[in-house]
2 protein chains.
Amino acid sequence: MPLKRRKNTAPHPSCPLAKCMGLLSGAWTPNIIWYLSQGPRRFSELRADIPTISSKVLSTRLKELEGRGILNRQVMPTSPPSVEYALTPLGGELMPAIEAIVDVSHRLRLKALGLCDEAERATAA
Amino acid sequence: MPLKRRKNTAPHPSCPLAKCMGLLSGAWTPNIIWYLSQGPRRFSELRADIPTISSKVLSTRLKELEGRGILNRQVMPTSPPSVEYALTPLGGELMPAIEAIVDVSHRLRLKALGLCDEAERATAA
DNA sequence: CCGTATCCAACCCGATACTG
DNA sequence: CAGTATCGGGTTGGATACGG
């Protein structure tokens, strides 16, 4: 009984997943966005926030994110020149999504530890 | 005027971004989840859904996602053996996040095309 | 049909060194 | 301080071929 074949999905005309992947591509991209969500931040501050990132990668990601419209770059007129990066409104809208993923991840860990449906089953002894 | 230094962020004790990255790591992971969100799907169907993915990578991702509790794997008792993959409830909760990212991405493209705040500025000749 | 094994090219990122 | 240039290792993923 060879089971009937299902059509290729694509039921909704929307399936631009490539964009999803591209938007947050880069190992540290979500972290950069997360730190900027707490307010504008300078290059060296981000470097300190993410100790293991190299300046090369950080500057690359910042340029990418600026080009995508996720953050703005502003040079401050201070004596040692400094640069501030801040999320755009649209960039800020990524935060709920990132937090949702983190939340699911957290609950998955709880489940993995077996600390979750224990209550449901009411092991009761 | 050397501008006052800001403390290292980390204001909220929660900043497990490494998890966020890990959950959706892999170039095709969001796509796999997206296709499974429309219902259970077999190995070869997913292969057809994502034409450019290799069977090696697909099976690797599926095993990872199963291990993380994002999807379940079930062998169907059909004559040519087939395997169905389906999102777990927790895995399904990733969909809103993925859709949110896709949505932001879409609006960013509109902005990039200059089809957005043109109205605001009312270039007005 | 459902994968696994091997090989290999591309990419990504960190370390280091250097410029304005 | 805010980056850029270069190198080199580690990882990812595609192609292909094979096994259950």
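Letters A, B, ... are given to chains in the order of the sequence lines, protein chains preceding strands, and every chain is numbered from 1.
Residues A:E93 and B:R107 form a side-chain contact, since some pair of their non-hydrogen atoms from C-beta on lies under 4.5 Å apart. Counting heavy atoms from C-beta outward, B:V102 and B:W34 have side chains that stay 4.5 Å or more apart. Counting heavy atoms from C-beta on, the side chains of A:L23 and A:L94 come closer than 4.5 Å. You'll find the side chain of B:W28 stays beyond 4.5 Å of the side chain of B:L58, heavy atoms only. Under the 4.5 Å side-chain criterion, counting only non-hydrogen atoms from C-beta, B:L36 is in contact with B:L46.
A:R41 places no side-chain N or O within donor-acceptor distance of the main-chain N or O of A:Y85, the cut-off being under 3.5 Å. The main-chain N or O of B:K56 is found under 3.5 Å from a side-chain atom of B:T60 such that the two form a donor-acceptor pair.
The distance from the OG atom of A:S37 to the CG atom of A:L71 is 12.0 Å, given to the nearest 0.5 Å. The CD atom of B:E45 sits 7.0 Å away from the CD atom of B:E84 when rounded to the nearest 0.5 Å. How far CD of A:Q74 is from CD of A:E66: 11.0 Å, rounded to the nearest 0.5 Å.
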Where do N or O atoms of nucleotides 10-12 of chain D meet protein N or O atoms at under 3.5 Å, pair by pair?
none

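Checking the phosphate oxygens (OP1, OP2) of D:dG14, a side-chain nitrogen or oxygen of B:W28 falls inside 4.0 Å. Residue A:S44 places at least one side-chain N or O under 4.0 Å from the OP1 or OP2 atom of D:dA2. Under 4.0 angstrom from either OP1 or OP2 of C:dC2 there lies no side-chain N or O belonging to B:R41.
The distance from atom CD of B:E64 to atom P of C:dT4 is 12 Å, rounded to the nearest whole Å. Protein atom CE of B:M76 is 11 Å distant from nucleotide atom P of C:dC2, rounded to whole Å. Rounded to an integer number of Å, the gap from A:R42 CZ to D:dC1 C1' is 7 Å. When the C1' atom of D:dA2 is taken as reference, atom CD of A:Q74 falls 15 Å away, rounded to whole Å. For the pair A:E84 CD and D:dA2 C1', the computed distance is 13 Å after rounding to whole Å. One atom, CD1 of B:I32, and another, P of C:dG3, lie 12 Å apart when rounded to the nearest Å. Atom CG of A:L58 is separated from atom P of C:dC13 by 12 Å (rounded to the nearest Å). Atom CG of B:L62 and atom P of C:dC2 are 11 Å apart (whole Å).
Side-chain proximity of A:V57 to C:dG14, C:dG3, D:dT4: nearest is C:dG14.
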Can you give one letter per nucleotide of nucleotides 15-20 of chain D, 5' to 3': B if a protein heavy atom sits under 4.0 Å from the base, S if only from the sugar-phosphate, - if neither?
B-----
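At its two ends the helix from C:dG3-D:dC18 to C:dG20-D:dC1 runs along axes set 40° apart, each axis drawn from five pairs and the angle rounded to 10°.
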Going through the distances and angles, do A:R61 and A:E64 end up as a salt bridge (charged side-chain N to carboxylate O under 4.0 Å, His left out)?
CA-CA 5 Å; A:R61 293 294 159 259; A:E64 284 177 6; 2.8 Å; yes
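Among the candidates B:L24, B:L90, B:L87, B:L62, the single residue satisfying the side-chain contact (heavy atoms from CB on, under 4.5 Å) test with B:I70 is B:L87.
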